[in-house]
Amino acid sequence: MATTRTPPSPPSPGRPVRPTRAARRRRVELEVEPGETPRRPLAAGHVIVVALVCLLVGSLLNAAGIRKTALGQDVGTKRDVAKFFADPLYDISHFLHTDRIRQGLKNALGRGSDDDVNLSLPSPTTTTLPAGGTSTPGSTPTTTVPVKKRAFSPARPMAVWVGGDSLSITPGESFINIAPSTGVINVIGPVDGHVATGLARPEVFNWPAHMAEVAAASNPDVYLITMGSNDDQTLTGDGGGEPFGTQSWQDEYRRRVGGMMDQMTGDGKHVLFWVGIPIIRNVARSEEHYRLMNDIYRTEAEKRPGKVVYIDIYDMFRGPDGGYADYLGIGGVQVRTPDGLHFTRAGGDMIANKVIKAMQDTFDLTSWQKSLPTTTTVAPATSSTPSATGASTSTTRPKSKRSKKSG
Amino acid sequence: MLFPTITFAIFFMIVLPTSWLLMPRRERWKIFMLGASYFFYGYWNPRFVLLLAASTVVNQFFGRAIFRNTSERVRRSLLGGAVAVNIALLGYFKYADFFLRSSRDILDSMGLSVGNTIIAVTLPVGISFFTFQALSYVIDIYRGDFQPGPLLNFATYLSFFPHVVAGPIVRAREFMPQIEERKDPRRIDASRAFFLIFIGLFKKVVIANFLATEIVDVVFASPNRHSSLEVLIAIYAYAVQIYADFSGYTDMAIGIALLLGFRFPQNFDGPYTATSLQDFWRRWHMTLSRWLRDYLYIPLGGNRQGKWKTYRNLMITFVLGGLWHGAAWTFVVWGAIHGGFLAVEHWRRTRRAELGLADPPDTFWRRWGARLVTFHVVCLAWIFFRAESFTNAGDILARLFDPAHWSDASPLVKVSVLLAIAAGICEQFVSRGALARLMAAFSRLSPVAQGVTLGFALMLINTMGPRGVAPFIYFRF
């Protein structure tokens, strides 16, 4: 921008002084640090215009993401209000094609399905309790184990997928750390954990659809899933609408749990280990909600012997007084995080050890050792973890020859 | 309430115009801003608003009492009382379980079992920040650097929502005079504010969250499952993640305050361009390092009492600085590494001076060599900062230096991860002039054009970032 270089002439008497262009600009522009290019200020009203235009344009361009966020709110007034604005915004954005830019970018990033809303959930194909099936609450595992166990070895390791809601993450990481010591468990990828998800809200995250993608991509022998702590709420999606706890809610939730179990294990080639919900600091919620839901997981697992193993961890985290405990064992090892819900590493290790024990009960994970020329299980590694009864126990881990990869 | 959420956008779109409308009527503005800030803070847990209010009243009482009294002995006692109350507050909420657990471990190792003595206190968000700010207020009054203001002013300062949960640590003497000064609603430095907000959003939502989910969390959870290269890249990624996360938050806080007409001090200045640890602490969390220098290091004697006491003071300052970040021994080690290397640097400088040696010439290679050494010392300390335990940190280090795993496959070392790390580091080398020219060009656009430009930026950030918003790392402190 050109500036006036001529020196200002003296003002004539009686006429107002007109400032030079440079002086006007200096008055308009903000004072900046030496060496910086001067900036123009904005008036408060203009700042609000900028913010409103930004939010309007940003909302139209991000309408698909906003709709998904609105749908993900807790069922109630807040969600209704969010949907009231988000749905027409999405329709307008779709009509104007402004949603295409975001979708194109998502596709380019390989996350084209991020904004999809899939409300359909599979129904179970198994509906009756098999003859001889047990239904004792709390037993682990509760299904009838086949007489001849399927064997795995270092040459043919057991491929395990680990995932679920936020409660799956720390125990899943512990499992990933501990499982290689068996010599036969090969965990596929990191924990596939999705915070604040479950089967109650398929518009937030559709687990059956996700598991279909997992099966197609990695085809594991075993799925280890932890899910449910977010599901004590009104169900949405196909068949939803009932508030938590009613008989219709239980029937629909049972359908969803059974449907997902059948989808994952229906071909008879895969086994699903379903970890139940633990007691949490909010004991009323635990007793009134989580016990009911654990019962659904357990009975649905019992309908699918040899395919689904339910692992009950509810009582593992009771203190000596029988209630919820942050710290267990004589040494007072912290097993729960300060939120009174999630697990510390020690708590995660407790669950991982219990899962490995359940896997050893279900599969033959050790006979390969007998064919080896030398004994490899002579020095069991121990992991000191607190027991639910308050005493510290040592969990034996078979030490085995490990391939370089399993380290 | 987190900055990068729709809830905050709605909150701010109400607060921004109301704040400017009420600005001419200062008392009403203060009441409104105090209410808005308490709402912001209480949105997370309403009970802790009472804690913030109690801290305000108690510190105002001590501040006023110190100011009124002329007897040095009484003033000193009052200052001691204020420090004790603030440390007790912080100690109870942040360190009670840590000290109980540590004491019990020591007794257990001596064969004296004391059973479970844990009290499981919920940590109020931002307590470390507002306690330090309150302490600076009282200490500045004691030193005669500042006069106490009305309770309403102090409450507005302490709870001001842009800085209440994660800083920057703004001192009362920097902020409270701004409450009373006349602000021109026609001259807001909006281009700088919007740039700070959007750069902060990008750093947090895209870079920090991406690196956390793609490599850092996975490798730190199970280091023994990953190659040495993956471990090395995860350490670099964490260095960038924590910078992008924390500086992103403070960029947003500074930008939001600027839109409301308030200036906050700078908190980061390209920390990974530092050529020494001392230089690093002039560039990293600058408001904390200033606080530690003025209220801890210098009162301890600073570097004026001989070299050994200087080393001691450095170690005390940084070990306590480490503990300020979190109640765990890993944070103590983090602080000790910084304190130790700062002491080494100080010794080296002193030794050169004693030998009469001139400073080495500042060549390109020497500067970059110093940068690399400094960056790697900082990364070494970050391992302990990020690790959940010493075992975890030991596993990371053992894996890093295990030659058997350097040739392992490294699927987590993707081009996108390396690009994000490079972006997070290169951003710190961008000259101020280039950014200033960009801001100046932006400021010359019409308000509608500015809004459209920012709308597209919002879309880019929202699309590139992972779903959901992870909490800011420094919220825990």
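Within every chain, numbering begins at 1; the chains are lettered A, B, ... in the order of the sequence lines, protein sequences first and strands thereafter. All of these numbers come straight from a predicted model, not from anything done at the bench. When reading the values below, keep in mind they use all heavy atoms of this one structure, side chains included, and skip hydrogens, waters and symmetry mates.
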Do you know which of [options] has the most heavy-atom pairs with chain B at a distance under 4.5 angstrom?
| options | result |
| --- | --- |
| A:Arg102, A:Arg336, A:Gln103 | A:Arg102 |
| A:Leu52, A:Val187, A:Leu55 | A:Val187 |
| A:Gly172, A:Ala51, A:Gly189 | A:Gly189 |
| A:Cys54, A:Ala64, A:Ala43 | A:Cys54 |

Among [options], single out the residue with the greatest number of heavy-atom pairs under 4.5 Å to chain A.
| options | answer |
| --- | --- |
| B:Ser222, B:Ser191, B:Ala190 | B:Ser222 |
| B:Ser19, B:Ala449, B:Ala221 | B:Ala221 |
| B:Leu454, B:Thr463, B:Asp395 | B:Thr463 |

So, for [X] and [Y], is the gap between ring centers shorter than 6.0 Å?
| X | Y | value |
| --- | --- | --- |
| A:His194 | A:His210 | yes |
| B:Phe262 | B:Trp29 | yes |
| B:Phe195 | B:Phe442 | yes |

Would you mind checking which part of [X] comes under 4.5 Å of any heavy atom in chain A, side chain (CB onward), backbone (N, CA, C, O), both or neither?
| X | value |
| --- | --- |
| B:Gln450 | both |
| B:Phe198 | side chain |
| B:Met464 | both |
| B:Val218 | side chain |
| B:Phe194 | side chain |
| B:Leu259 | side chain |
| B:Met13 | side chain |

- Does the ring of A:Tyr324 carry A:Arg281 above it, NZ/CZ under 6.0 angstrom from centre and within 45° of its axis? no
- Query: So which heavy atom on B:Met439 is nearest to which on B:Arg192, and how close?
  - Reply: SD-CA, 3.5 Å
- Do A:Trp161 and A:Ser218 have side-chain atoms, one donor and one acceptor, less than 3.5 Å apart? no
- Does a side chain donor of either A:Ser166 or A:His342 reach within less than 3.5 Å of an acceptor in the other side chain? yes
Proximity breakdown for [X] and chain B, heavy-atom pairs closer than 4.5 Å:
| X | result |
| --- | --- |
| A:Leu109 | side chain |
| A:Leu56 | neither |
| A:Val191 | neither |

Got a salt bridge between [X] and [Y], using NZ or NE/NH1/NH2 to carboxylate O under 4.0 Å?
| X | Y | value |
| --- | --- | --- |
| A:Asp115 | A:Lys68 | no |
| A:Arg67 | A:Glu203 | no |
| A:Arg345 | A:Glu173 | yes |

- Message: So if I apply the side chain to side chain contact (heavy atoms under 4.5 Å, CB included) rule between A:Phe317 and each of A:Leu328, A:Asp326, A:Ile280, which one comes out positive?
- Response: A:Leu328
